[in-house]
Amino acid sequence: MIRSAVAVWKGSPLIGEGQVSTSSGVISNALYAAGSSTGNEPCTSPSEMLAAAVASCMSLMVVQEMRREGMKPQLVKTESTLTLEEKKGQWEITGIDSNITVSLPGLSEKKVQHAATIAKGKCPISRVLNVPIKVKAKVQPVEAEAVAA
């Protein structure tokens, strides 16, 4: 599988803006900037896109691991927070915290944490990054009507 993206930048590093598109077309001419937004236009940043890549990969890998163990989660939600700090005049990603919530009746926190830990090791995005990634997982109670559906 090959995936690609094209990014174009105009202007100076802090005042300019860019557009990024992916080969799938799901992201098409999305605005990005050094910070989270410029002006009144909503836009993303390379750091935010990396946090999204980690979150989406972790959710997918947790589901894959749980299915391998015979569990069928109704929902896996991962919130990944990337920390970007300036050190010695350079910006550096100093860590990523991923909080994973799983909905599945009768599931224990221990099983969820185990699946999340294995998923972290299997996620191709987290494996390629040379940055500490912390993973916390919890079980979200499933409402009776959600179970019946």
Minimal non-hydrogen separation, Pro73 against Val63, with atom names: CG-CG2, 4.4 Å
Name all pairs fulfilling the side chain to side chain donor-acceptor pair (under 3.5 Å) condition that reach into residues 126-136, sequence neighbours left out, sorted by first residue then second. none
Quick one: side chain to side chain donor-acceptor pair (under 3.5 Å) pairs with a partner in residues 91-107, sequence neighbours left out? Ser80-Ser98, Glu85-Thr94
Value rounded to 0.5 Å, distance of CD in Gln64 from CD1 in Ile118: 11.0 Å
What pairs with Ser24 under side chain to side chain donor-acceptor pair (under 3.5 Å), at least two apart in sequence or on another chain? Thr22
With the 4.5 Å side-chain cut-off for hydrophobic clustering, are Val131 and Val54 part of the same group? yes
For Met71 and Leu104, the nearest pair of non-hydrogen atoms, with its separation, is CB-CD2, 3.8 Å
Ser45 OG to Leu50 CG distance, which is reported to the nearest 0.5 Å: 9.5 Å
Taking side chain as C-beta onward, heavy atoms only, is Leu31 less than 4.5 Å from Gln19? yes
Looking only at heavy atoms, the pair that brings Ala116 and Met58 closest together is O-CE, 3.9 Å
Measuring from atom CD of Glu17 to atom OG of Ser12, what distance do you get when rounded to the nearest 0.5 angstrom? 11.0 Å
To check you understand the geometry: which heavy-atom pair defines the closest contact between Ala33 and Cys43, and what is its length? CB-SG, 3.9 Å
Are the side chains of Ser21 and Ile27 in contact, using a 4.5 Å heavy-atom criterion? no
Just to verify, what does Thr81 make a side chain to side chain donor-acceptor pair (under 3.5 Å) with, not counting sequence neighbours? none
In short, ring pair (Phe, Tyr, Trp, His ring centres under 6.0 Å) pairs touching residues 3-26 with sequence neighbours left out are Trp9-Tyr32
Side-chain heavy-atom pair Ile93, Leu82 within 4.5 angstrom cut-off: yes
Just wondering, do Val62 and Val76 contact through their side chains at under 4.5 Å, heavy atoms? yes
Hey, any chance Leu129 and Val135 share a hydrophobic cluster, counting ILVMFWY side chains that come within less than 4.5 Å of each other, even indirectly? yes
Between Val102 and Gln140, does a side-chain contact (heavy atoms from CB on, under 4.5 Å) hold up when you go through it step by step? CA-CA 6 Å; Val102 176; Gln140 176 178 323; over 6 Å; no
Does Ala53 offer a backbone N or O that forms a donor-acceptor pair with the side chain of Ser56 under 3.5 Å? yes
Within the side chain of Lys138, is there an N or O that forms a donor-acceptor pair under 3.5 Å with the backbone of Ile100? no
Any salt bridge (charged side-chain N to carboxylate O under 4.0 Å, His left out) pairs touching residues 59-82, not counting sequence neighbours? Glu65-Arg68, Glu65-Lys122
Hydrophobic cluster membership, with links at side-chain heavy-atom distances under 4.5 Å among I/L/V/M/F/W/Y: are Met61 and Ile133 in one? no
